[in-house]
Amino acid sequence: MKDIDEQLKELFMEAVKAVAAKRGVELPEGFDIFLERPRRPELGDWATTVAMQLAKTFGERPFDLANEIISNLPQNPHVEHIAVAGPGFINISLTREWEASLLREILSSPEEYGRSDLGGGRRVQVEFVSANPTGPLHVGHGRGAAVGDVTANILAMAGWRVEREYYINDAGLQMELLGRSVQSRYFELLGEPEKAPFPEDGYKGDYTYDLARGIIEAEGDRFLKVRLEESLPAFITRSAREILKWIKKDLDDFRVHFDVWYSEKALYEKNLVDETISFLRNRGYTYEKDGALWFRSTAFGDEKDRVLIRSNGSPTYFASDVAYHKDKFDRGFDMVVDVWGADHHGYIPRMKAAVQALGRSPDDLKILLIQLVNLFSGEGQVSMSKRSGEFVTLRQVIDEVGVDATRYFFLMRRCDSPLDFDLELAKRASLENPVFYVQYACARINSIFREAASRGVCLPPVEALDIASLGTAEERKLIKTLSTFPEEVEGAAGELAPHRLVNFAYQLAGDFHVFYNANRVLGAGESLEQSRLLLVRATQLVLEKTLGLLGISIPERM
RNA sequence: GCGCCCGUAGCUCAACGGGAUAGAGCAACGGACUUCUAAUCCGUAGGUUGUGGGUUCGAGUCCCGCCGGGCGCGCCA
């Protein structure tokens, strides 16, 4: 069945065209019908403001135009009532039979419900986390991990073919610094600290000792006798490999899985950086100045040009990043989503410029900025500083508050606004904690079916649904919220805004709690009981589906 | 100094492309368990959407100024 909002759009488009033809008026270029939900539910299920938008073009009062549009509207079996309200709103109410068909659709093909063809089978890559393998993941990475993962889930639901990718920044100076830090720990542990002084700005976390111990275990003290520069690559490689193992384990436990782990080193090994620079040079987007090679990013709206190759001959990080993005598009992705820390926002214009130089639209690259996570524990703010090595790791947080609550908190706010994360609150099993509120709804639903089973009552067949019997305000509200799921998924996909789905889950759980408190399911009388059981089942399917997208588990009981 | 983002109830936040009477939760107060789980529900109170202009049928949303906060402005990554 075609979505009801699509059907309504077509009806109104026909009506508007008919009116336009009668009046001999030309519709504005690219005119489209925009449907919205009335703010007050008693006004109807849908509303449109076409009459107000077109009043000027038609030279008529919005109110009169609205009435004219209505009288030209083709019939539709799902439409119960249409009325003009206020200055020219057109409000539409749908039939109860439409509600019934919606519930039947959810019950009979839950897999399909909420799925859309927005992506049209196009390929999208979501690249996220991408932390240097220089230390364990901290909470900021965790937020990016949750946002990237759920964004990918949502895009898949909206008809995109999705790949998740982690870009391993394993080629830069930071890796060298890590190697030297661990090397210094190695000498220190073996009693010769003076031979390998700890580097300035080195990585100070305790984990560097763990890494050094691991190397001692595997290699003994043989590096003591080797020149530092000679053994450094071994320290870098071994440390990076080990840290990457930790990172994979953390992400795995956080229910985040990648299709591709892409190494920055591989970019160089495949010569893609040089190739990309040649590509830009051949198209005249580069020039030499002060002994360096520059990219003319100002030609694409950046505020200044950017260096690709330093005067000392080595490529910049930006150069490898352009090569990386070229490779993404060369791999056939129609859209590329990057999830970055918000402190990188100044980097966006040059990256968008690069994408254009590569011959793509700047809109083919979407960038999600992840704002800071402020950790609180009760009263005090937990300080975070990579410099001192005393940052809070993702591991610590999920061990302390659990994966469900951590994911929920990371996802509940729009990702570009800073997040206050109260560890005490997230752990607390109380009404202040929204995770439990949502999960509790699942547990209650399960307990209804458990109790039903113990009474010998099974889930009735879909045909047993009698929509007329589901007439209480709480039932109507619950059905209405269920009906918004597809548009919520589409909205979240279109805006790349996973937090909207968290709000939906909370809303649906709330509507269920209200329903539950006001309406008894079991023992309500045979026909009503059956219809309510089906409504509860539909709620369960949609709620579990939403939590599935969010990567939050569904408790049997609480 | 320049650029980007933000400012909504005491607190944390919603408000989908400009739409109708700006919504939730927490905190406060008062109520509801003989019931499928009270980790729930119902009610009360709480607002000049930082501020001053502008655009229009209509502005929390768009434009300009100001105030306050965050971030960025490397041949770092």
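Just so we're on the same page: letters track the sequence lines, and every chain starts at 1.
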Going 5' to 3' along nucleotides 70-77 of chain B, which nucleotides have protein heavy atoms under 4.0 Å from the base (write B), which only from the sugar-phosphate (write S), and which from neither (write -)?
-BS-SBSB
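- If you check every strand for non-hydrogen atoms under 4.0 Å, A:Asp170 touches nothing.
- Contacts of A:Ile348 with the nucleic acid, taken as non-hydrogen atoms under 4.0 Å apart, are absent.
- In this structure, A:Phe449 places its CZ atom 16 Å from P of B:C36, rounding to the nearest Å.
- Taking 4.0 angstrom as the limit, A:Arg413 places none of its side-chain polar atoms (N or O) nearer than this to OP1 or OP2 of B:A14.
- Between the side chains of A:Asp338 and A:Tyr167, no donor-acceptor pair of N or O atoms lies under 3.5 Å.
- Ring-base stacking between A:Tyr506 and B:A24 is not satisfied when judged by a centre separation under 5.5 Å and a plane angle under 30°.
- For the pair A:Arg306 and A:Trp294, the NZ or CZ position fails the cation-pi test of under 6.0 Å to the six-membered ring centre and within 45 degrees of the ring normal.
- Residue-to-nucleotide proximity on RNA chain B shows that, of A:Arg520 and A:Pro62, the 5′-proximal contact is made by A:Arg520.
- Both A:Ile448 and A:Arg500 lie near RNA chain B, and the one whose nearest nucleotide falls closer to the 5' end is A:Arg500.
- When rounded to the nearest whole Å, the span between CD1 of A:Ile370 and P of B:C5 equals 17 Å.
- B:A77 and B:A14 have their P atoms separated by 35 Å, given to the nearest Å.
- The residue A:Val514 sits close only to the backbone: its heavy atoms come under 4.0 Å of sugar-phosphate atoms, none of a base.
- One finds a side-chain N or O of A:His499 lying less than 4.0 angstrom from the OP1 or OP2 phosphate oxygen of B:A15.
- Among the atoms of the strands shown, base atoms are found under 4.0 Å from some heavy atom of A:Ala47.
- For the pair A:Tyr437 and B:C41, the criterion of a side-chain N or O lying under 4.0 Å from OP1 or OP2 is met.
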Applying the Watson-Crick and G-U criteria (both distances under 3.5 angstrom) with [ ] for crossing and | for other-strand pairs, one obtains for RNA chain B (((((((..((((.....[...)))).(((((.......))))).....(((((..]....))))))))))))....
